[in-house]
Amino acid sequence: MYALIRPVSDGMTRCELTHLARSPIDLAVAGRQHRTYADVLASLGCRLVELAAEPDLPDSVFVEDTAVVLDEIAVLTRPGAASRRAEVQSIAVALERWRACIRIEAPGTLDGGDVLRVGRSIFVGQSGRSNADGIRQLAAAVVPHGYDVVPVPVRGCLHLKSAVTLVGPDTLLINDDWVDRGHWPGLRCVEVHPEEPHAANALWIGHAVVHARSGPRTRDRLAAAGMRVLPVDMSEMEKAEGAVTCCSVLVSA
Ligand code: CIR
């Protein structure tokens, strides 16, 4: 497994914000947190591929939003925030080494943070970032490879994966206030602790779950459900509305 990552941008203090008020981001701390996050991925067997920093692209550490990588192809997104569209080019260059790439074109928009794959089903958040045309283009790209695409309404959060992520082969971590669990009738659900609405974003790799240290009560619930949880400090990314899945694009070799 390769993990594409990109260092924190020197411009991150000018990041996009949708649901949070702006608060000071310590770039030095953000850089250290990102390094630790990368070390955790490496400890789980990921081979790190670090892209060049992009000082003029404030949200460029959040590489997840730029691409959807499947075993068969990669779909390069057209992020919903115009300020983020230039992030895609360098990701495209990196991904073309491993996958045939298809691009989402205007007027479509799609953020990778809205895309949750569960087996051969690809759930896509109908968020402020991913529009109907973007979801239609994604379906046109992946249906020929045997996937089905299921649009999912979300409310109160930035992306589908702010509300729900996969933490095991048949287990979701979910915030029921932001998404309807009825979309996944066959799966077990671990619900976030009510005081930790942002804790539904977790990154499942192999036999471990990477999870933000800001969600200790939810972490207890994951541990009680039998998961090996690796907490990482993400405080500065969280001020930019980022979390653990957003900081990498995973590519199976
Ligand atoms: C944005 O609003 O686009 C960034 N500030 C945060 C993106 C986080 N991405 C993600 O959760 N996939």
Side-chain angles (χ1 to χ4, degrees), residues 3-27 30 33-34 37 41 51 54-69 74-88 91 104 109-117 122-131 134-135 138 152 154-167 173-175 178-179 192 196-205 210-212 214-215 232 234-250:
L4 270 64
I5 57 171
R6 174 155 35 215
V8 170
S9 170
D10 284 346
M12 192 161 89
T13 52
R14 300 188 304 277
C15 65
E16 294 282 338
L17 288 175
T18 306
H19 296 281
L20 292 185
R22 200 165 294 279
S23 61
I25 294 175
D26 185 324
L27 291 177
Q33 291 177 345
H34 188 259
Y37 169 87
L41 297 195
L51 305 180
E54 296 273 15
D56 296 328
L57 296 174
D59 283 303
S60 52
V61 67
F62 302 124
V63 287
E64 169 182 58
D65 292 317
T66 60
V68 177
V69 179
V75 178
L76 301 167
T77 70
R78 182 168 178 270
S83 71
R84 301 200 55 191
R85 296 201 180 130
E87 295 175 27
V88 177
I91 300 284
I104 302 294
T109 63
L110 185 75
D111 276 15
D114 275 319
V115 179
L116 174 69
R117 186 178 68 79
I122 298 181
F123 297 88
V124 190
Q126 296 170 303
S127 71
R129 295 293 177 85
S130 299
N131 67 17
I135 298 172
L138 176 68
V152 177
V154 294
R155 51 187 177 268
C157 59
L158 187 59
H159 289 129
L160 177 64
K161 278 188 279 191
S162 317
V164 59
T165 52
L166 198 62
V167 289
L173 178 61
I174 191 164
N175 177 337
W178 290 349
V179 72
V192 296
E196 298 172 353
H198 295 280
N201 187 271
L203 181 59
W204 171 43
I205 300 178
V210 183
H211 191 248
S214 56
V232 288
M234 298 294 284
S235 65
E236 305 313 289
M237 313 297 172
E238 288 165 353
K239 293 174 189 171
E241 295 189 34
V244 290
T245 63
C246 0
C247 294
S248 55
V249 171
L250 301 181

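Both counts, for ligands and for their atoms, begin at 1 and track the order of listing.
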Could you list which atoms of ligand 1 come closer than 4.0 Å to a heavy atom of [X]?
X    : result
G113 : 12 (N)
H159 : 9 (N), 10 (C), 11 (O), 12 (N)
E64  : 10 (C), 12 (N)

Calculate, to the nearest 0.5 Å, the distance between atoms [atom1] and [atom2] belonging to [X] and [Y] respectively.
X    : Y    : atom1 : atom2 : value
F62  : R84  : CZ    : CZ    : 7.5 Å
L173 : T165 : CG    : OG1   : 4.5 Å
H211 : T245 : NE2   : OG1   : 11.0 Å
H34  : C247 : NE2   : SG    : 5.0 Å

(request) Quick one: do S248 and L41 satisfy side-chain contact (heavy atoms from CB on, under 4.5 Å)? Show the steps, please. (result) CA-CA 9 Å; S248 55; L41 297 195; 3.8 Å; yes
(message) Using the rule side-chain contact (heavy atoms from CB on, under 4.5 Å), only one of L57, D59, V61 pairs with C15; which is it?
(response)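 Single pass found, and it is D59.
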Could you find the nearest protein heavy atom to [atom] and give me its residue, atom name and distance?
atom                   : value
atom 8 (C) of ligand 1 : E241 O, 3.3 Å
atom 9 (N) of ligand 1 : D65 OD2, 2.8 Å
atom 6 (C) of ligand 1 : A240 O, 3.3 Å
atom 2 (O) of ligand 1 : R129 NH2, 2.8 Å
atom 4 (C) of ligand 1 : D59 OD1, 3.1 Å

(request) Check each heavy atom of E16 against ligand 1 and say whether those closer than 4.0 Å belong to the side chain, the backbone, both or neither. (result) both
(request) Record the part of K161 in heavy-atom contact with ligand 1 below 4.0 Å; permitted values are side chain, backbone, both and neither. (result) neither
(message) For a side-chain contact (heavy atoms from CB on, under 4.5 Å) check, start with the C-alpha distance between E87 and D65, then their side-chain angles and the critical distance, and finish with the verdict.
(response) CA-CA 9 Å; E87 295 175 27; D65 292 317; 5.7 Å; no
(request) With atom 11 (O) of ligand 1 as the reference point, say which of S83, G80, C246 has the nearest heavy atom. (result)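 Of the listed residues, C246 has the closest heavy atom.
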(message) Tell me the closest heavy-atom pair linking L160 and V152, and the distance in Å.
(response)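 The answer is CD1-CG1, 4.0 Å.
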